[in-house]
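Please read these numbers as outputs of a predicted model, since none were measured by experiment. Order of the sequence lines fixes the chain letters, A, B, ..., with proteins taken first and strands second; residue numbering starts at 1 for each chain.
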Amino acid sequence: MPRTISYSQAINEALTEEMERDERVVLMGEDVGRMGGIFGVTPGIYEKFGADRAIDTPISEMLIVGGAVGMAITGLRPVAELQFADFIFNAADETFSKMSKWRYMHGGQFTVPMVLRLPEGATGGGGAEHSQCPEAALLEHPGSHIVVASNPADAKGLLKAAIRDDNPVAFFEHKGLYAMKGEVPDGDHLVEIGKADIKRQGTDVTIVAWGKMVGLSLKAAEQLQKQGISAEVLDTRGLRPLDTEAIFASIEKTGRLIIAQEAPKSGGGASEIAAIVAEEALDLLEAPIIRVGAMDVPIPQNAMLEALVLPTSADIERAAISMLR
Amino acid sequence: MPRTISYSQAINEALTEEMERDERVVLMGEDVGRMGGIFGVTPGIYEKFGADRAIDTPISEMLIVGGAVGMAITGLRPVAELQFADFIFNAADETFSKMSKWRYMHGGQFTVPMVLRLPEGATGGGGAEHSQCPEAALLEHPGSHIVVASNPADAKGLLKAAIRDDNPVAFFEHKGLYAMKGEVPDGDHLVEIGKADIKRQGTDVTIVAWGKMVGLSLKAAEQLQKQGISAEVLDTRGLRPLDTEAIFASIEKTGRLIIAQEAPKSGGGASEIAAIVAEEALDLLEAPIIRVGAMDVPIPQNAMLEALVLPTSADIERAAISMLR
Amino acid sequence: MTDKDTRIAIYRTMYTAQAWELALMRLIDEGLAPPSYHPGRGSEGSEVGATLALRKSDYLLYDHRGMSHIIAKGTPLKALFGDFLGNSFGTTRGLGAGIVHVADPDNGVLGQSGTLGGSQLIAAGAALSSKIRKTDQVTMCFFGDGAANRGTFHEAANAAGAWKLPLIFVIQNNGWAVSTSTEQATGGRYVDRAHGYGFVGEWVDGADAFAVHDVAQRAVDRARRGEGATLIEVKTVRLTGHYAGDPQAYRTTDDKELAATQDPIVLARAKLIELGDLDEEGVTDLELEARAAVDVAAEEAKPGIQPTADRIDQYIYA
Amino acid sequence: MTDKDTRIAIYRTMYTAQAWELALMRLIDEGLAPPSYHPGRGSEGSEVGATLALRKSDYLLYDHRGMSHIIAKGTPLKALFGDFLGNSFGTTRGLGAGIVHVADPDNGVLGQSGTLGGSQLIAAGAALSSKIRKTDQVTMCFFGDGAANRGTFHEAANAAGAWKLPLIFVIQNNGWAVSTSTEQATGGRYVDRAHGYGFVGEWVDGADAFAVHDVAQRAVDRARRGEGATLIEVKTVRLTGHYAGDPQAYRTTDDKELAATQDPIVLARAKLIELGDLDEEGVTDLELEARAAVDVAAEEAKPGIQPTADRIDQYIYA
Ligand SMILES: Cc1ncc(C[n+]2csc(CCOP(=O)(O)OP(=O)(O)O)c2C)c(N)n1
Ligand SMILES: Cc1ncc(C[n+]2csc(CCOP(=O)(O)OP(=O)(O)O)c2C)c(N)n1
Ligand SMILES: [Mg+2]
Ligand SMILES: [Mg+2]
């Protein structure tokens, strides 16, 4: 029978179970070992698996990602962490051109079985360099999966699947969800990467979201229900592979599409999804698409201003209402 | 009376004129000085302005961009070059979070008047790490302009404007255009940043493009003309600021939109523009939007395969025809 | 060797910084300032001793550990409180609230990169800039033992060596990068890295603020004379957790107790009296003055106005 | 000190690499291979001398300068021609055509990062991997004086020192990074940088391939014994332009003429005869053999099949 645990505990279980199952799996990153991570996600792993498999690295983001690639092509299956997802830009060439393209560039002679854990998102006062959700940054760089977990069960099941996948996986964890509690199935719980999840059925409007925005979308959907608007909430569980069929099927029902992301409105996954729909499913649309995202500004350090910049469930609600007027 | 010069010569003139006009302007990058650049764009500048203003840097991309930011906030107006636009990912934090956000993060107490020159594009055999057009990578990072020149006159006028602009400007130059010849007005030729240019009037379909794809779009438009299809070609001249009014006005005429980019179809500027149109001008569309871009694969080193991966004018042509059937 | 006035100035500034930090802690307790702060207790000797060797026109790239280098560079206490209160009196007039983004161009405080190491590159650029502009400005860049291992340092240090930049790297080695000890994460000694870039490396114990000042003054003088860069490794101690409230389970009691004996402020106070620069009474008067100034600044900063929505899209573009 | 067989093997491999490169130039002239190539003439002593100290199971991260390290590691000549011809006989079976992306896992050739420096990090990861897997594999990573100034080196070297990795950095200092001289772009001496990371630095003249081998063998033995990393700075010469056909206007005739006197292949040949390892006839036979093997490989490689469109989306995902 399922247990109720936190999102961070779910990640910890996924890591522990996979490290027990396969000795090639090693955890690495800044403070992930002895301290158990600055967000308290990895306690106990160092104690259980030792310094060789729970590696506290120097503050060297290029080494963390580039080194993990070197480990992955020589027989290990590293799970590397960048302390904040923003730091993907401190190891961008390593993530986009080494992790994602090493296999292809060398004619398929290697696989790069690694997971890059990326704690993302704004949580009040982190500022422009510790609050981003840069999931879409990988889109123009084929060769890796882009996975985002919106709840504890997915966090565990998707991470376990990512660790077993022979492809590199950029695994985004929202810092604001670590404390979220939820039911997680017992046993060897795996969730297929790239398969969307309909979190709520609806007929009037489709809200596509991932990560923390899924919860806000569900909240908005409840409010909309009270106003007689039936919203369907689709969790993409990431951006690549993208379950376009599920998205199209939902729009076919509703005829209306809202895409909600925490990243700034411009340059994010919402733009990509909107473009795909405008290309492949335009005829299904009864109203213009609406992207709900953060304002196109660097996230202000001041938490009050940050709150004004971030997208809210009320924004999603307003978007839906505007569509149905 | 206008002279006919090459795209690279136009850039050289822009640099020379601005360096003569303002002694705060300094050129820096790998091999830009004594050698005059590996693509032969900056000859003569070192001889004219000396080692202090034509700086040959070490192979240190983070220093080139981060250092330029330090120079820009202390009284200089650096024009820094990354030898290949792909290397923006070797200095991503510096470009996205320092160059673009330093002013905002510090409450507007600094301006960051710098230009980052980025030779982009595939030219036959450069491979996945020397062929990219990463213009869209800056979109989720507000604070800088994104400029792309499609011809000699614009290369000169936009670069001069960029150097005079108090904002940081990412200035993309397509390596495949350096030899392109074109008329350039005499005198202090400036082109406004963020203003689209209708390169060809048409009534049936709008082709939005920038950089090298503008030429391919014009070629396609000519072919289409023979088949009785009147295509309008709009050169955005970059991605930020984006002249959405001009784009909407054109779609209002034609009702059909093709967006052509050299970058992979996913995650590029075409997705952003498609999303904006699907949000703000959906009603103007009589057909689904079509994005023409490179295949979603790393650019193969093999020039034959590269050619198959890149978008062609024939692709644009086919797209237009498919829309009008 | 520091003279009497310098020693007194160093002590006053260190004590002021400590008082400022205590006052900030109260603001945090009162919920007026955000809790995310990296206390500077233990690094005042390094930050004040080194920074006071600079002129107003010189450039400072501070680090996230405490505020005493910024205070030493001359940024008004009230403005610093304003930054943490996130109000109109802050240097960023409320945009930043808390760590990281203090800036004060008039005093040469160029701001900070929230990603560690970013400031090393900007410091190299600032130093190159003053060289090209032919001013005699010196740039000083602080960072910790952890940040010293980012590749940004290598690119900045190599340029500093190749171009003989008027740049001083101050590595504050407090033995820890959050929970990771220097030994676990570092090969060799930081001070030895200078030689490989062709400039001077000096090691000094940050428990002795006056000794730090001597080393820094020599480095500043060299830089001003056009003799290039210096790397100063200062041994400091982290008297607190990484952040206020860090339980520090990863740290032994011995390590914490040993650190406690290395408080640069306590040691400087004793030295002042020992050298006869001030007597007990003189020191106490100085401390009362400093605390009073801090308290006034804190009170004056409180009524500042919090920024409103209209601020959000200001200053993105010039 | 190298023994006779080793010296002969080194010479044969260097000569083979030179012959291979000459044959490639012919293919380029015939328009069968893309012109973008960075000739290795002048660095054979460094690349062969060092690589031959490795075992088949050891890892190699080569650089873009010539192919002699890859040849020394055992990748078949025919396969290398196939890579430049972009056909089915290449190690990537036609995907890569030209420089950069040769890979040969069976011989420990792990590929190359097209962005300079990327290989330094991957080498550190490979070395950490063999340490964790408790094999005795050694990783050798080649790069030039220019690439040595990327921040990636610092992060890789610091890790190599902190974790005592079985890793050997071979910095091929040919005095130039395209048109930029080492003096213009570099602070200090590369060999001196090793000490700052806590491992051994050795300098050797690449004109003497046998001396390079001695130094490399010591480093490999240390690494295998678990005694950690080594940085070897090898002084090499670039007997050609940066790329085939580089006019080198930026380079003085003196510099080019001096370089010409430092050809490691010429010097090794003389040494072999001087030491009596081979007589003139023996050397000539060896050279004829080597050239014949190269010509056979080139001819055999030509009929390979160029990849077709169906290849494009293969191997993006596993
Ligand atoms: C590039 C980057 N990596 C990691 C972090 C997260 N971080 C902030 S402070 C810190 C520890 C820094 O240690 P050190 O440089 O020794 O300074 P100290 O805190 O000890 O004063 C870390 C890992 C960051 N802000 N930027
Ligand atoms: C990160 C990065 N910056 C720049 C380049 C372009 N580039 C290729 S080779 C080269 C010169 C390298 O010089 P060096 O490392 O000394 O090797 P050499 O060519 O002298 O053998 C440059 C600048 C690159 N490929 N990657
Ligand atoms: Mg520290
Ligand atoms: Mg070189």
Side-chain angles (χ1 to χ4, degrees), chain A residues 23-24 26 28 50-53 55-78 80 90-94 96-114 141-145 165-169 194 240-241, chain D residues 59 61 83 90-96 100-106 108-115 117-135 137 139 141 150-152 154-163 165 307 311-318:
Chain A
E23 66 169 19
R24 297 168 303 173
V26 301
M28 63 193 286
D52 268 8
R53 292 185 63 199
I55 304 167
D56 284 317
T57 66
I59 301 174
S60 301
E61 281 73 19
M62 297 188 291
L63 173 83
I64 291 171
V65 182
V69 172
M71 293 157 80
I73 62 173
T74 56
L76 296 178
R77 302 180 75 87
N90 298 98
D93 182 55
E94 291 68 35
F96 304 154
S97 300
K98 304 298 160 283
M99 180 183 91
S100 301
K101 299 174 185 169
W102 200 261
R103 171 177 171 75
Y104 187 84
M105 290 194 299
H106 295 95
Q109 294 189 82
F110 305 97
T111 56
V112 186
M114 64 177 278
H141 305 284
S144 50
H145 296 328
D165 199 301
D166 279 337
N167 295 293
V169 179
R240 188 169 61 208
Chain D
Y59 295 125
L61 279 299
D83 276 326
T91 65
T92 62
R93 300 188 349 289
L95 188 100
V100 183
H101 293 303
V102 172
D104 181 9
D106 295 344
V109 180
L110 295 183
Q112 192 190 197
S113 167
T115 44
S119 299
Q120 296 154 355
L121 303 164
I122 287 170
L128 176 59
S129 168
S130 48
K131 191 171 187 212
I132 291 172
R133 290 181 289 107
K134 304 201 170 21
T135 72
Q137 293 163 291
T139 298
C141 180
R150 274 209 65 217
T152 47
H154 185 62
E155 298 194 1
N158 177 63
W163 296 334
L165 298 180
R311 183 65 191 281
I312 289 170
D313 45 27
Q314 277 173 35
Y315 305 119
I316 299 169
Y317 296 98

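- Using a 4.5 Å cut-off between heavy atoms, A:Asp166 contacts chain D through both its backbone and its side chain.
- With a 4.5 Å cut-off on non-hydrogen atoms, A:Gln109 touches chain D through its backbone and its side chain both.
- The candidate from A:Asp52, A:Val65, A:Leu76, A:Thr57 with the greatest count of non-hydrogen atom pairs under 4.5 Å with chain D is A:Leu76.
- Looking only at side-chain heavy atoms (C-beta outward), A:Glu94 and A:Val69 stay at 4.5 Å or farther from each other.
- Highest contact tally toward chain D, considering only A:Ser144, A:Pro58, A:Ser97, is held by A:Ser144 [criterion: heavy-atom pairs under 4.5 Å].
- Put simply, the side chain of D:Arg150 reaches to within 4.5 Å of the side chain of A:Met62, judged on heavy atoms.
- Contact of D:Ile312 with chain A is made through backbone and side chain together, with heavy-atom distances under 4.5 Å.
- Under the 4.5 Å side-chain criterion, counting only non-hydrogen atoms from C-beta, A:Tyr104 is not in contact with A:Val112.
- Using cut-offs of 30° and 60° on the angle between ring planes, the pair A:Trp102 and D:His101 is perpendicular.
- Within the 4.5 Å cutoff, the side chain of D:Val109 has no heavy atoms near those of the D:Thr91 side chain.
- Counting heavy-atom pairs under 4.5 Å between each of D:Leu61, D:Ile132, D:Leu110 and chain A puts D:Leu110 at the top.
- Among D:Thr115, D:Asp104, D:Leu128, the residue making the largest number of heavy-atom pairs under 4.5 Å with chain A is D:Thr115.
- Looking at A:Ile64, there are no atoms closer than 4.5 Å to chain D (heavy atoms on both sides), in backbone or side chain.
- For a residue to count as touching a neighbouring chain, one of its non-hydrogen atoms must lie under 4.5 Å from one of that chain's; by this rule A:Glu61 touches chain D with the backbone only.
- Taking 4.5 Å as the limit, every side-chain heavy atom of A:Met114 sits out of range of all side-chain heavy atoms of A:Met71.
- Proximity of a side-chain donor or acceptor of D:Lys131 to a complementary backbone N or O of D:Trp163 within less than 3.5 Å is detected.
- The contact between D:Gln314 and chain A is made entirely by backbone atoms, counting heavy-atom distances below 4.5 Å.
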